[in-house]
Structures are given as C-alpha cells and as structure tokens.
**Student:** 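Before we start, here is the structure in question, set down as structure tokens.
Predicted, not measured: the structure shown is a model, and the values here were computed from it. So you know, we letter chains A, B, ... as the sequences are listed, proteins then strands, and number each from 1.
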Protein chains: 2
Amino acid sequence: MNSQDVILGLLMRGEMSGYDIKHRLESIFSFFYNASFGTIYPTLSKLEKEGYISKMSVIQEGRPNKNVYTITEEGKKLFQAYLHGPIERNEFKSDVMTRMFFGEFLEKDVMIGMLENQLQDAHDKLNRLTEMYKVYKPEMSPTQEICIQIGISDKESLIRTLTQGIERLKKTNEK
Amino acid sequence: MNSQDVILGLLMRGEMSGYDIKHRLESIFSFFYNASFGTIYPTLSKLEKEGYISKMSVIQEGRPNKNVYTITEEGKKLFQAYLHGPIERNEFKSDVMTRMFFGEFLEKDVMIGMLENQLQDAHDKLNRLTEMYKVYKPEMSPTQEICIQIGISDKESLIRTLTQGIERLKKTNEK
DNA sequence: GTGGACATGTAATCTGTTACATGATTCA
DNA sequence: TGAATCATGTAACAGATTACATGTCCAC
C-alpha cells in the first residue's frame, strides 16, 4: 500500500484536487495513513500521465485555479488490483514507546512529563474521533464504522493503561 | 528517532553484535520499532567510524566470527542527546485499515476473510506479548512494564472491536 | 542432501519528507 | 500589515527495504 493506492481509493467516490486529498487524509484518515503535498502532487501527475486519472482545470474566482482529478476505467482496475493484492503488515513506529523502553536512562520527572503529554494527546485524539463518528455516522459504510471504532477503542485502552502506568510511576517516585 | 538512536540504546545495557540487535528488535521491540540487516550493519559501521561505538572481533568455534560492539562515552552522550531531544509523533500505517476504509469496493466475503485473519493475528501477537511479559517481568524496568502493558491492552481492545465488527458484518450479509 | 540457524555486508531501489518557490484573497 | 486559507509544484535529502553475495555448522 502506498500513496498511489490511497489516492485512487479517494477518487473512487468522486473527483478531487490535490489540496482536497490532503485535507481528507488529515481528517478521517490520519489514524492509519498520511501523506504530504510533496507526495500527493507528484503522484497525481504520474497517475495522470499513465492514464489512470484525468485532469480538469477549474478556474475559480477569488481563489487560485485548481486541478480536479477524476478516476478513469483503467484507474478503477488498478485500484481493484490493489484491493485484491497481497496485504501488507501494519507498521507502527513510536518514539514515545522507544523512550519508555529506555526509560531507565531518563530522569523520572522528565519521563512522567512526557507520559502526561501523551495522555493529553490521547484524550484530544479520542475526542476528535468521537466527534467525527457522531458527524459522519450516517454516511459511513459498515467497514468504515469498524475502522473508526477500532480507533476509538484503541485510544480508550491507551488512556486507561497510561493513566495506571503514570500513577504507579509516581508512587515509586515517592519512595 | 531512527535506527541509530535505537542501536545506541540497546548497547547501553551491554555489548552486542548486529545479529543480536536484529533479534532483540524482533522480540520485545517489534511492537513499536523494527529494522532490517540492510539498516543495522551500515549503521553500526558508521557509528564506529565516528567513535560512538567500538568494535571487537570475536572468533567463535563452530560458528562464524562476529563483530561485537560496545558503546563509548561519546556514544552515551549522543544517546542522552536523543533522549532529551524533541519527541517525534507516532507513525501508524495500516494496509488492513485502509482496505476497511475502502470496504464498499471489496466483496463482503473477501473482507470478512481478511478481518478473520487479522483477528487470528491479533490473538497470536497477544499470546506472544503475554508470554514475554511472564518471562521477562523480573528484569523489566517500570517503564518497560508500561510499554508491554500498552501493547497487551492494545491487542485486547483490537480483538474485542474486531470480533464485534465481524459479527455485525456477517449479519448484514444474511439480509 | 537440504533446510535452518549463525553471521556480515553491499548495491539498487523505493518511498517519502522537508524546505523552498510562488501568489491571490480574506479576515482581524 | 500580517497571518491564515487556498492552491500547486520541485529539488534535495533521508531513511529504509529488498535482493544479492558468501560461507559454516548442525540436525533430520
């Protein structure tokens, strides 16, 4: 799975500009994928050159022009090939977890500060996910619902475990 | 955070070879970081050239010789610089979640098959983590414990949500 | 005699990010 | 007047993976 697959997938529901795609990725998607403009624009150019999507320039008033892309039949085939191809394993890379793993080499108060930040972060993300679920529920597919439910319960479990962990760390601190 | 930081961290507890490092990364670490030999060996060479670690060749009988690396004072400083530097946000990339998000374009039975595979996978990983926790608990630091607890509760929550999701999907299938 | 564990290393390639470059409009 | 949003694009670089290359010993 790469940016190409994701972009094709997003275009399956209708035309979009590079800018639109970026924002879509930042909202619902951000939990399990992301891409920068430096990836999105070159990928769109490449897909267009190869005939998987087609470009239309839209002249706007009071705003810069934009390029809106539509998926072609060839593009739909390519997306289906991705969906039926081999599944890649999840990738998770966490700086915070790494620091926790090496926690014995870091001052306790610094560690606790970091974990409290993480906790706040998890709360924020949970709130955003819950809000999104409320707003978009009517238009979500069954599997999209599972997707967001996984995200929500993941954050809830993180919050529980972190809270307990921080408490225990603080106790060992007092001794 | 990159391979260099992780390798230095692993060497903080004692000397290791590239092969050792690979195996360590695959066991406890695999939940939040990973690296291939193609990354590990060049990184070790580079760190040695720069004086952050030192190499000793160990001649073994019945096995190929190996290069064992020890962290230097300079290396310890570099690792501390990492631990006190800016924290990078978590990165999560999931092909399965992406396919779930685009689930409306995939046959239901294929989707259910994929999710059942994921469920089995989650069970396996949970078992491995639980086993590891049992075995290594006595020698784990408090923050390492939090680390593995996060991993365990994460998998538990995934199993719950996936199980429910699959059941619901199957029901909509019957209608 | 074949596959797996041990052990190291390089070259080609992929995939992506960051920073730079440009420029209009709107809102405070 | 300065920041934010809209909008696109490129070049330099980073960081990693995969496949290749090599070779021993042990167990089945």
**Student:** Indicate whether OP1 or OP2 belonging to dC6(D) is found under 4.0 Å from a side-chain N or O atom of Gln60(A).
**Tutor:**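 No, Gln60(A) has no side-chain N/O under 4.0 Å of OP1/OP2 on dC6(D).
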
**Student:** Quick one: Lys46(B) NZ to dT8(C) C1', roughly how many Å, whole number?
**Tutor:** 19 Å

**Student:** Taking the nucleotide of DNA chain C with the closest heavy atom to each, which residue, Lys55(B) or Lys93(B), is nearer the 5' end?
**Tutor:** Lys55(B)

**Student:** Send over the distance from Glu15(B) CD to dA7(C) P, rounded to a whole Å.
**Tutor:** 13 Å

**Student:** Have a look at Gly38(A) and say if it touches a base, only the backbone sugar-phosphate, or nothing, with a 4.0 Å heavy-atom cut-off.
**Tutor:**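 Base contact - Gly38(A) has a heavy atom under 4.0 Å of at least one base atom.
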
**Student:** The side chain of Arg63(B) lies closest to which of these nucleotides: dT10(D), dT10(C), dC6(C)?
**Tutor:** dC6(C)

**Student:** Please report the distance, rounded to the nearest Å, between CD in Glu26(A) and C1' in dC6(D).
**Tutor:**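 Glu26(A) atom CD is separated from dC6(D) atom C1' by 13 Å.
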
**Student:** Is any side-chain heavy atom of Lys66(A) less than 4.5 Å from a side-chain heavy atom of Tyr19(A)?
**Tutor:**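 Side chain of Lys66(A) against side chain of Tyr19(A), heavy atoms only: no contact under 4.5 Å found.
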
**Student:** Between dC6(C), dT8(D), dT10(C), which nucleotide has the shortest distance from any of its atoms to the side chain of Phe37(A)?
**Tutor:** dT8(D)

**Student:** Applying side-chain contact (heavy atoms from CB on, under 4.5 Å), run through Gln149(A) and Tyr133(A) and close with a yes or a no.
**Tutor:** CA-CA 8 Å; Gln149(A) 282 163 359; Tyr133(A) 194 19; 2.9 Å; yes

**Student:** Side chain of Ser36(B): nearest nucleotide among dT18(D), dA7(C), dA7(D)?
**Tutor:** dT18(D)

**Student:** What is the distance, rounded to the nearest whole Å, between atom CG of Asp20(A) and atom P of dA7(D)?
**Tutor:** 7 Å

**Student:** Assign Ser3(B) to base, sugar-phosphate, or nothing according to its heavy-atom contacts below 4.0 angstrom with the strands shown.
**Tutor:**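 Answer is sugar-phosphate: Ser3(B) comes under 4.0 Å of backbone atoms only.
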
**Student:** Does OP1 or OP2 of dT17(C) have a side-chain N or O of Thr39(A) closer than 4.0 Å?
**Tutor:** yes

**Student:** Taking side chain as C-beta onward, heavy atoms only, is Glu91(A) less than 4.5 Å from Glu91(B)?
**Tutor:**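 They are not in side-chain contact.
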
**Student:** Out of dA7(C), dA16(D), dA7(D), which nucleotide sits closest to the side chain of Lys66(A)?
**Tutor:**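 Nearest to the side-chain atoms of Lys66(A), counting from C-beta on, is dA7(D).
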
**Student:** Decide, yes or no, whether a salt bridge links Lys77(B) with Glu73(B) under the criterion of side-chain N to carboxylate O below 4.0 Å.
**Tutor:** no

**Student:** Among dT10(D), dG23(D), dA16(D), which nucleotide has an atom closest to any side-chain atom of Tyr33(B)?
**Tutor:** dA16(D)

**Student:** In whole angstroms, how far is the C1' atom of dT15(C) from the CG atom of Leu44(A)?
**Tutor:** 16 Å

**Student:** Could you give the CE-to-P distance, from Met16(B) to dC6(C), as a whole number of Å?
**Tutor:** 13 Å

**Student:** To the nearest angstrom, how far is Ile21(B) atom CD1 from dA7(C) atom P?
**Tutor:** 13 Å

**Student:** Look at the side chain of Tyr41(A) and decide which nucleotide, out of dC6(D), dT8(C), dT8(D), has an atom nearest to it.
**Tutor:**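 Taking heavy atoms from C-beta onward, the closest nucleotide is dT8(D).
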
**Student:** For the side chain of Asn67(B), starting at C-beta, report the closest nucleotide among dT8(C), dT10(D), dG9(D).
**Tutor:**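 Nearest nucleotide to the side chain: dT8(C).
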
**Student:** Without decimals, in angstroms, what is the distance between Ile7(A) CD1 and dT8(D) P?
**Tutor:**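 Distance, rounded to whole Å: 12 Å.
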
**Student:** Whether the Ser153(B) and Thr161(A) side chains hold a donor-acceptor pair (N or O, under 3.5 Å, no angle test) is what I'd like checked.
**Tutor:**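 Yes, because at least one side-chain N or O of Ser153(B) sits under 3.5 Å from a partner of the opposite role on Thr161(A).
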
